[in-house]
Number of protein chains: 2
Amino acid sequence: MSPREPLTRDRIIEAALHIVDGQGLGRLTMRRLGDALEVEAMAIYHHLPRGKEELLDGLVTHVGVLHADTRPLGADDWRDRIRSWAEAYRALLVDHAGVLPLLVTRRNPAALATTARSIAEVLRLAGFLESAAHSAARTLLAFLIGHAALEVRGRELATPEPVDWDRQFEESLEVLLSGMLTALL
Amino acid sequence: MSPREPLTRDRIIEAALHIVDGQGLGRLTMRRLGDALEVEAMAIYHHLPRGKEELLDGLVTHVGVLHADTRPLGADDWRDRIRSWAEAYRALLVDHAGVLPLLVTRRNPAALATTARSIAEVLRLAGFLESAAHSAARTLLAFLIGHAALEVRGRELATPEPVDWDRQFEESLEVLLSGMLTALL
DNA sequence: ACCTGAACACCGTTCAAGT
DNA sequence: ACCTGAACACCGTTCAAGT
């Protein structure tokens, strides 16, 4: 028998995300997570003393970090930079739709604030004043979260006239960007 | 002893909303709900055969109906009409913040679609073309849901520079409205 | 230090039984 | 028709015990 890999906080959270992505948030239980890691559920508490609460907090943070890793940079126009930032964030939220309700619940209050600061930074570099950048960043983040929620729910709904969500996203984003521009003048 | 009021679907869902508003979604259990109604938990299944699933669906629908009842009407300018619609919806979501995660999860897929249609109707009456009205309605609804999530989470976060959420909401809404106007030209 | 086994309180739900 | 009581499978978590 090859000796099992040792349990770590990161391995636990990645396994949890895998369960959430594959089976949904409702099927993430400590016992099932233990099974996936080939360990008794109680072993998890050694690495996450606050138990499931800490696990869910960790999921939210982990998804935020994934975005920091993949976010594209370097476009010339600030609008292009915002566009690619927003598209990457949208893809992340839709890919990990199971964590969306966690973002909305009271866990890990700081995570969303961090993301908002990250958008504000892009806007500040683009020439927005400090306070306008923060306000616009919150506007954009609110839209991105809400749109992901709408899109995920809308995609599983069979309507007579199906929605083109890619197009919807682009259109909404243009509305936001031109509105932000107007607010600057 | 006065004979107990008979159990009805509506009484059950109202009691459930009361628990969610007062103690949070996590404390809504069938047994606690039974206690609040002075009935055994199992009695609830007679009125909601699909059990807790149906109860949570009912909560989402019920909050949507609350909005239909309270929504203000009759302003002259379409922007004013959208503004008051949006403000009422925002107040509703923040007042019943506990149901927000339910809106985002896979239950009751039709509820959000109904709300989107209701916004689209306001826009259509304001002179938007059919397809533009639906697109803009989804943009607005996405923003409203996301903003409620951000606001609820942000309010419980003690930051050095606290956010004025009323002002943030107004500013964001103006960005959206002027962006929607630009898209029409 | 890291993991296990048994136990506890609580959950949603089924089902036969009462009125 | 409407509600209850007992039971079942499953939760999260504690804690003493093993290595």
Side-chain angles (χ1 to χ4, degrees), chain A residues 1-62 98-99 101-102 105-108, chain B residues 1-62 98-99 101-102 105-108:
Chain A
M1 297 241 195
S2 62
R4 254 180 343 191
E5 269 184 65
L7 218 49
T8 62
R9 211 190 127 91
D10 276 356
R11 272 191 66 223
I12 292 170
I13 290 173
E14 270 157 33
L17 185 60
H18 190 255
I19 291 176
V20 171
D21 288 344
Q23 313 184 241
L25 189 59
R27 290 190 55 86
L28 175 64
T29 70
M30 300 301 271
R31 282 166 167 90
R32 237 187 299 263
L33 182 55
D35 279 355
L37 293 161
E38 294 182 77
V39 109
E40 294 299 314
M42 299 74 200
I44 297 169
Y45 289 81
H46 202 268
H47 302 267
L48 294 92
R50 275 176 38 246
K52 192 163 189 183
E53 199 76 6
E54 189 170 354
L55 177 66
L56 299 180
D57 286 358
L59 275 178
V60 172
T61 316
H62 189 253
V99 306
L102 298 179
T105 329
R106 74 181 52 257
R107 52 195 80 266
N108 217 354
Chain B
M1 296 244 194
S2 62
R4 253 178 345 189
E5 269 183 65
L7 217 50
T8 62
R9 212 189 127 91
D10 276 356
R11 273 191 66 222
I12 293 171
I13 289 173
E14 271 157 34
L17 185 58
H18 190 256
I19 292 176
V20 171
D21 289 343
Q23 312 183 242
L25 189 60
R27 289 189 57 84
L28 176 63
T29 69
M30 299 303 270
R31 281 167 168 89
R32 237 188 299 265
L33 182 55
D35 279 355
L37 293 162
E38 297 182 77
V39 110
E40 294 299 314
M42 298 74 200
I44 298 169
Y45 288 82
H46 202 268
H47 302 266
L48 294 91
R50 275 175 40 246
K52 191 162 191 185
E53 199 76 7
E54 189 171 354
L55 177 66
L56 299 180
D57 286 358
L59 275 177
V60 172
T61 315
H62 189 252
V99 306
L102 297 180
T105 328
R106 75 180 49 257
R107 52 195 78 270
N108 216 355

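First the proteins, then the strands, lettered A, B, ... as listed; each starts at 1.
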Which nucleotide in dT13(D), dC3(C), dC11(C) has an atom nearest any side-chain atom of Thr29(B):
dC11(C)
Quick one: look up who dT19(D) pairs with, Watson-Crick or G-U, both distances under 3.5 Å, and put none if it's unpaired.
dA1(C)
For atom CG of Leu55(A) and atom P of dG12(D), their distance in whole Å
10 Å
Expressed in angstrom and rounded to an integer, what is the separation of Leu33(B) atom CG from dC11(C) atom P?
12 Å
Validation row: Leu59(A), Leu28(A) side chains within 4.5 angstrom (heavy atoms)
yes
Just how far, in rounded Å, is P of dT13(C) from NZ of Lys52(B)?
8 Å
If you only use heavy atoms from C-beta on, which nucleotide in dC11(C), dT14(D), dT4(C) is closest to the side chain of Glu40(A)?
dT4(C)
Short question: side chain of Arg11(B), backbone of Pro6(B) - any donor-acceptor pair under 3.5 Å?
yes
Map Arg31(A) and His47(A) onto DNA chain C by nearest heavy atom, then report which one ends up closer to the 5' terminus.
His47(A)
Taking every heavy atom of His47(B) against every heavy atom of Glu54(B), the minimum-distance pair comes out as O-OE2, 4.5 Å
Quickly work out the Leu7(A) CG to dT4(C) P distance and round it to whole Å.
9 Å
Could you tell me how far apart Leu25(B) (CG) and dC11(C) (P) are, to the nearest whole angstrom?
14 Å
Between Ile44(A) (CD1) and dT14(D) (C1'), how many Å, whole number?
15 Å
Please determine, for the side chain of Ala43(A), which listed nucleotide (dG12(D), dC3(C), dT13(C)) has the closest atom?
dC3(C)
With heavy-atom distances below 4.5 Å as the criterion, would you say the side chains of Leu7(B) and His46(B) are in contact?
no
Starting at atom NE2 of His46(B), determine the distance to atom P of dA17(C), rounded to an integer number of angstrom.
17 Å
Starting at atom CZ of Arg50(A), determine the distance to atom C1' of dT14(D), rounded to an integer number of angstrom.
17 Å
With sugar-phosphate meaning primed atoms plus P, OP1 and OP2, does Arg32(A) contact a base, only sugar-phosphate, or nothing at under 4.0 Å between heavy atoms?
sugar-phosphate
Which is it for Leu55(B) and Leu33(B) under the side chain to side chain contact (heavy atoms under 4.5 Å, CB included) test, yes or no, and what are the steps along the way?
CA-CA 11 Å; Leu55(B) 177 66; Leu33(B) 182 55; 3.6 Å; yes
What's the closest nucleotide to the Met42(B) side chain, out of dT14(D), dC3(D), dA6(D)?
dA6(D)
Of the listed nucleotides (dT13(C), dA1(C), dT13(D)), which one gets closest to any side-chain atom of Met30(B)?
dT13(C)
When both hydrogen-bonding distances must be under 3.5 Å and the geometry is Watson-Crick or G-U wobble, what is dC8(D) paired with, if anything?
dG12(C)
